[in-house]
Amino acid sequence: MSENIEKKWQKKWQDAKLFESDPNDKEKLYITVAFPYPSGAMHVGHGRTYTVPDVYARFKRMEGYNVLFPMAWHVTGAPVIGIADRIQRKDPWTLDLYENVHKVPKDKLPELADPINIVKYFSTEYHNVMNKMGYSIDWRREFRTIDPTYQKFVTWQANTLYKKGLIKQGEHPVKYCPHDKNPVGDHDLLEGEGVGVNELTLLKFKCDDIILVTATLRPETIFGATNLWLNPEVHYILVEVEKGQSKGEKWVMSDDSYYNISNQKELKIIKDINPEELIGKMVENPLSHEKLPIFPASFVSSEYGSGVVFSEPADAPADYIALQDLKQNKELIKKYDIEKVVEDTEPINVVTVKGYGDIPAKEIIEKLQITNQDDPKVHDATEELYKTEHSKGYLSERFPKYGGKKVAYVRDEVKKDLIEENIADIIYDFAERPVICRCGNRCVVKIMDDQWFMKYSDEEWTKKAKECLEGETVIPEEIKSNFDYYLGWLQDWACSRRVGLGTRVPWDKKWLIEPLTDSTIYMSYYTIAKYLRNMDPELLNDAFFNKVFLDIDSDDIKIEPELVDKIQKEFNYWYPLDWRLSAKDLVGNHLSFLMFAHTAIFPKEKWPKGTVVFGMGLLEGNKMSSSKGNVILLDDAINEYSADVVRLFLMSSAEPWQDFDWREKEVKGTQRRLQWFREFAAKVEQVNGGNLNLTNIPEIEVKSNINKWMIAKLNQHIKNSTEALEVFQTRKASQEALFLLKKDVDHYMYRIQHINNDDEEVKYVLSILLKNWIKILAPFTPHTCEELWNKYGGEGFVSEASWPEYDDSLIDEEIEKSEELIQNLVKDINEIKKMVDNDVNKIHIYLAPQWKWDLYKIADEIGKPDIGQMMGRAIKADIYSDKKEIANTAKKISREMTKTKYIGKIDEAAILNDSKAYIEEECGNEVIIHTDDSYDPQNKARNAMPYKPAIFLE
RNA sequence: GCAAGGGUGCCCGAGCGGCCAAAGGGGGAGGACUUAAGAUCCUCUGGUGUAGGCCUUCGAGGGUUCGAAUCCCUUCCCUUGCACCA
């Protein structure tokens with residue numbers, strides 16, 4: 001049923017070309033959301049992402065803007081290559097994922113062995129589901145990032161940045177498989193997913209004419225170096241460095257580490273080295289020049305770093321325990337003839353850290369009860385101490401230049417100085433191992449030296465990007481400082497790739513442009529995409545784009561000038577982008593790149609104006625994840641609940657930047673609420689005798705308080721909802737527009753039960769209410785609203801209807817206070833009745849006399865519960881003769897005023913009389929409203945306070 | 001570790017100096033309707049009180065203020081990001 005209605009309106013919108021936006025005289029609004037990478041089916045989390053801009057677009061359209069909301073598909077990149085490959089190989093996990101989670105029909109599955117087919121299949125799927133959601137997208141501008149026309153655009157973009165000197169060649173460490181001769185991404189790994197690459201400082205210890213190189217994460221501990229460790233079991237070699245700052249030096253390292261380091265430096269193997277011959281010899285500490293002995297140790301790994309380690313037993317638990325082991329191993333000491341030096345070797349304090357003494361490593365070894373260097377707990381000890389010292393440690397005062405400073409700062413300083421003096425170099429290694437390629441071979445860290453980089457570190461460029469950020473509205477606001485941080489922190493970004501789908505680097509065709517780099521200014525492409533989609537890509541040269549986007553004239557433009565002019569005008573009409581929406585995790589890359597790229601290419605007036613950042617999706621409290629199968633596909637959700645229910649739920653369960661939680665029970669609650677709304681509309685028609693006409697509601701003057709109250713509430717909710725939508729608060733807006741308004745309507749309907757159901761005022765109020773209500777819900781539940789609008793005589797599409805103007809003058813404090821007065825009174829009476837045992841016949845109500853209002857006013861002017869001041873002013877103004885009574889009342893007011901908002905005197909007698917019948921009905925007794933205390937047997941009248949009449953139950 | 005955000009009633013979540021015992025939803029209890037169930041509607045959902053009140057609560061501790069869930073300080077805990085990947 002609802003599915004048919006939704007289909008019907010989607011078709012009507014399409015036939016009327018409602019969302020095909022072309023330049024006109026209206027004010028424009030251009031909104032985009034990060035386009036999807038369609039490597040799987042759309043789930044409800046994606047649904048939220050794309051519903052937010054749709055709701056906003058629909059809202060702004062009703063406000064009278066010419067809104068552009070386009071969509072395209074980001075299909076460049078490597079992941080689909082891996083997926084296709086796994087499908088090709090019939091990897092069971094992948095097949096299961098695509099068949100059962102992404103729900104690809106079994107007969108279609110084999111086609112997905114081709115990456116192109118994956119992106120085609122899912123982008124088509126996305127397109128269809130987006131239509132089923134009722135998104136108001138201008139599909140004439142749809143494209144995929146591998147379309148030849150788009151590639152021409154990316155080529156232009158790359159050339160433009162290149163010419164400005166913002167793309168440079170440089171070196172960069174990557175995970176690399178020496179067997180495949182290719183960089184490897186995480187998805188290409190058999191083992192070691194997510195393992196990071198560490199930059200290690202390689203310290204050079206001279207030993208005659210050769211150098212023992214030791215790799216460390218903690219170069220500052222060089223001050224406490226006592227000896228070197230070599231593992232007698234490991235195979236060492238001597239190599240000569242052939243290039244770079246260490247050229248000509250002869251290094252000793254393990255041959256396993258050579259496997260890695262040779263990918264980073266040009267090394268020539270000279271000969272094998274027998275560690276036994278080196279153990280016992282002395283090397284020179286490069287910093288202090290003192291002589292240090294070489295000792296044997298079994299914990300030294302041949303794979304990590306260089307296979308040679310310098311020992312700092314005060315702060316490195318492994319070094320400490322290895323030294324203890326050695327001291328006890330008389331046999332070994334004897335073998336290498338190092339009795340004296342071993343005996344003399346003691347830890348040297350380097351780092352002072354709270355909670356530890358002089359030799360932190362000793363303490364932690366003892367704490368964890370580690371008994372020898374091959375105990376796996378050594379690893380935990382190292383990790384713990386490393387973290388503590390890094391965050392809380394200080395280098396001991398006695399070291400010149402660096403002493404007394406925090407370890408965290410000293411580390412980089414020492415490293416920089418050592419390298420400058422050429423007593424250290426840099427190598428890279430994995431933080432953990434093993435890292436094994438799919439082909440079964442050990443991966444290495446390779447330095448690619450022909451990699452292309454975006455120079456995001458460029459100071460001037462960063463300054464401009466920050467300026468761009470400064471001029472933007474960021475929602476939520478707190479993210480802005482985050483952005484600022486990222487813009488400054490971004491280093492050069494490797495922007496070329498060897499594998500994946502994408503556009504070639506125009507001047508170096510062996511590279512592809514990295515997928516985050518090819519989608520930083522594509523919002524400008526949307527504005528002209530409808531002209532380019534059927535064009536011969538060969539016509540789209542740089543000259544063309546230069547003219548359209550930057551107004552640079554050229555003889556090389558191959559398209560007729562009139563068309564170029566039209567295209568350029570369209571770009572200038574839509575640009576700059578008003579709003580960019582994207583997920584939280586893209587703040588540090590995509591969204592920042594977007595700002596960088598815009599400032600580099602476009603003049604300031606074309607820089608983006610606003611960014612909205614999204615939170616994540618949860619499913620019944622757990623993180624949504626396709627790969628774990630923990631998702632609900634959007635299509636399934638639509639089929640089960642209808643698009644409107646899904647939309648409404650997604651918009652109302654959390655604000656866009658918060659994490660939302662798809663809870664079936666609450667989705668069902670939303671469904672019932674929407675159903676209630678439809679029934680309410682039918683009820684309004686029924687009250688109107690079956691011929692409700694929303695286009696033509698006869699004007700009528702509203703007199704009764706409760707009707708005025710309903711109108712006031714309606715206006716208040718429209719106002720709140722409008723203000724919330726302006727700043728993308730879809731949750732607040734939908735709460736106001738549906739849930740809170742419904743609560744007031746419920747109350748209203750209850751209140752008017754006693755009124756003649758042919759009452760003209762009620763008919764009018766309900767009609768006005770419904771008319772506006774349909775409108776303010778239209779952005780959230782467009783199909784339902786379109787249907788109701790049409791059914792009850794609305795003119796045209798509600799999607800095109802004008803957004804309701806709220807009238808501040810109708811949002812009357814006094815009217816609200818009146819209803820509050822009545823409700824509080826009823827509540828109080830019933831509460832007292834509950835507590836009183838005897839039967840009640842009559843309810844007497846006494847109102848506060850004028851002087852109490854005067855006193856309340858004085859209290860309000862003072863602004864705080866200061867009884868002394870109140871008394872002073874009251875007596876001066878001579879508001880009442882009995883000072884004791886004034887004092888008593890002042891005390892009460894002092895208490896009351898912190899709980900009640902003062903809005904001036906209201907005519908309580910009139911208000912209560914207006915609703916007397918209602919009060920009697922609610923309380924079940926006759927009500928007598930006294931304007932004086934001529935009948936007051938229990939002396940209750942004196943309790944009357946402004947907004948709080950006295951009650952006497954008889 | 002660094003950076004950002006956050007800890008609110010059974011649960012999710014609003015509130016961000018006084019209309020706050022704290023919106024709204026979910027869950028629970030009771031009632032109306034119904035042959036019954038469901039849906040819908042009403043009431044209650046911190047404690048206590050024989051006159052509309054009082055007491056205790058917003059991670060913990062301290063402070064500012066006539067007044068703090070809201071502001072400041074300290075402390076504990078949680079979530080996210082830290083890159084060559086969309």
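A quick note: this is a predicted structure, and the numbers were derived from the prediction, not measured. Proteins get letters first, then strands, A, B, ... in listed order; numbering begins at 1 in each. What you see below is based on every heavy atom in this structure, not just the backbone, and it leaves out hydrogens, waters and symmetry mates.
Of the candidates B:G52, B:G24, B:C54, the closest approach to any side-chain atom of A:Gln735 belongs to B:G24. Taking only side-chain atoms of A:Trp493, from C-beta outward, the nucleotide of B:G49, B:C84, B:G24 with the closest atom is B:C84. Nearest nucleotide to the A:Ile832 side chain, out of B:G53, B:A51, B:A86: B:A51. Considering only the side chain of A:Lys665, B:G26 comes nearest among B:C19, B:G26, B:C66. For A:Arg673, the listed nucleotide lying nearest its side chain is B:G26; candidates were B:G26, B:A86, B:A23. Closest to the side chain of A:Tyr485, from the set B:C66, B:A21, B:C2, is B:C2.
No donor-acceptor distance shorter than 3.5 angstrom exists from the side chain of A:Arg731 to the backbone of A:Pro656, with no hydrogens or angles considered. A:Glu666 contributes no side-chain N or O that, together with a main-chain N or O of A:Ser653, makes up a donor-acceptor pair within less than 3.5 Å.
A:Pro949 comes within 4.0 angstrom of a nucleotide base, judged by non-hydrogen atoms across all strands. Here A:Ile829 lies out of heavy-atom contact (under 4.0 Å) with every strand. Residue contacts shown for A:Phe952 include a base, since a base heavy atom lies under 4.0 Å away. Backbone-only contact: A:Pro515 has heavy atoms under 4.0 Å from sugar-phosphate atoms and none from a base. As judged by a 4.0 angstrom heavy-atom cut-off over every strand, A:His590 is placed among residues making no nucleic acid contact. Residue A:Glu666 is in base contact, counting any heavy-atom pair closer than 4.0 Å across all strands shown. Note on A:Lys743: only backbone sugar-phosphate atoms sit closer than 4.0 angstrom, heavy atoms only; bases stay farther off. Base engagement by A:Gly863 is indicated by at least one non-hydrogen atom pair under 4.0 Å involving a base atom. The residue A:Trp676 sits close only to the backbone: its heavy atoms come under 4.0 Å of sugar-phosphate atoms, none of a base. Residue-level contact check: A:Ala950 touches the bases, meaning some heavy atom is under 4.0 Å from a base atom.
For A:Tyr856 and A:Tyr902, the distance between ring centers is under 6.0 angstrom. Aromatic pair A:Tyr522/A:His74: ring centres not closer than 6.0 Å.
Residue A:Tyr486 is the one, among A:Phe453 and A:Tyr486, whose nearest nucleotide of RNA chain B lies closer to the 5' end (criterion: closest heavy atom). Positionally, the nearest nucleotide of RNA chain B for A:Leu740 lies more toward the 5' end than for the other of A:Leu740 and A:Arg672.
The partner of B:G5 is B:C78, judged by Watson-Crick or G-U wobble contacts that both fall below 3.5 Å. Under the Watson-Crick or G-U wobble criterion, with both distances below 3.5 Å, B:C54 is paired with B:G47. In this entry B:G24 has B:C12 as its Watson-Crick or G-U wobble partner, both defining distances falling under 3.5 Å.
Close to B:C41, at under 4.0 Å from its OP1 or OP2, lies a side-chain N or O of A:Lys742. The side chain of A:Lys864 contributes no N or O atom lying less than 4.0 Å from OP1 or OP2 of B:G17. Distances shown here put every side-chain N or O of A:Lys584 at or beyond 4.0 Å from the OP1 or OP2 atom of B:G81.
In this structure, a donor-acceptor pair under 3.5 Å is present between the side chains of A:Gln675 and A:Arg678.
Taking atom CG on A:Asn482 and atom C1' on B:U79, their separation rounds to 14 Å, with Å as the unit. Residue A:Leu516 contributes atom CG, which lies 14 Å from atom P of B:A83 at whole-angstrom precision. Rounded to whole Å, atom P of B:U8 lies 14 Å from atom CD of A:Gln658.
Comparing B:C71 with B:C44, their P atoms sit 31 Å apart, to the nearest whole Å. Using P as the reference atom, B:G6 and B:C16 are 14 Å apart when rounded to the nearest Å. One P atom belongs to B:G59, the other to B:G15, and the distance between them is 15 Å to the nearest Å.
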